[in-house]
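First the structure, in the form of structure tokens, and then the observations on it.
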Amino acid sequence: MNVVRLTAWVRGRVQGVGFRWWTRARALELGLVGWAANLADGRVEVVAEGPRESCERLLELLRGAGTPGQVEGVVERWSDAKGSMAGFVER
């Protein structure tokens, strides 16, 4: 199994609309670990580790039409999993 780390920065109207909670729920459904955190500039940072296919699916969901608020764009970075996280939390 190819385990990876996805870091995604989501911009748009994504704070104060349940976006982190929604992201956590989707990540847990996909069996991923990590976090979703509000950034000072209005973006949400999502860090997820798990099978590449599951991370790719989460990325599709983040870019999809069913998110809370309004996503204007998502920038992604892929890296090796560090294996230091448990669960998926809102920060």
Original post:
What pairs with R57 under salt bridge (Lys or Arg N to Asp or Glu O under 4.0 Å), at least two apart in sequence or on another chain?
Top reply: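 Only E60 meet the salt bridge (Lys or Arg N to Asp or Glu O under 4.0 Å) criterion with R57.
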
Euclidean distance, [Y] [atom2] relative to [X] [atom1], rounded to 0.5 Å:
X   : Y   : atom1 : atom2 : value
E53 : N2  : CD    : CG    : 7.0 Å
S84 : R5  : OG    : CZ    : 5.5 Å
S79 : R77 : OG    : CZ    : 6.0 Å

Subject >> E90 and W35, any side-chain heavy atoms less than 4.5 Å apart >> reply: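 A side-chain contact under 4.5 Å is absent here.
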
Original post:
Hey, are the side chains of Q70 and R11 touching, using non-hydrogen atoms and a 4.5 Å cut-off?
Top reply: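 SC-SC contact between Q70 and R11 ruled out.
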
Subject >> E49 side chain vs K82 backbone, donor-acceptor pair below 3.5 Å >> reply: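 Such a contact is found between E49 side chain and K82 backbone.
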
Original post:
Is a salt bridge present between R63 and E76, judged by a nitrogen-to-oxygen distance below 4.0 Å?
Top reply: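 So R63 pairs with E76 through a salt bridge.
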
**OP:** Kindly give the cluster partners of V71, where membership spreads through any ILVMFWY side chain lying under 4.5 Å from a current member.
**Re:**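 Answer for V71: V4, L6, V10, V14, V17, F19, W21, W22, L28, L30, L32, V44, V46, L58, L59, L61, L62, V74, W78, F88.
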
Subject >> Residues clustered with V75, ILVMFWY side-chain links under 4.5 angstrom >> reply: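 W9, L39, listed by chain and number.
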
Original post:
V3, M85: one ILVMFWY side-chain cluster at the under-4.5 Å cut-off?
Top reply: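 No.
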
**OP:** Count the heavy atoms of every other residue, nucleotide or ligand shown that sit under 6.0 Å from CG of D41, and state whether that count exceeds 12.
**Re:**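 Yes, the 6.0 Å shell around CG holds more than 12 heavy atoms from other groups.
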
Subject >> Distance-minimising heavy-atom pair for C55 and A48 >> reply: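 So the two residues come closest at SG-O, 3.9 Å.
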
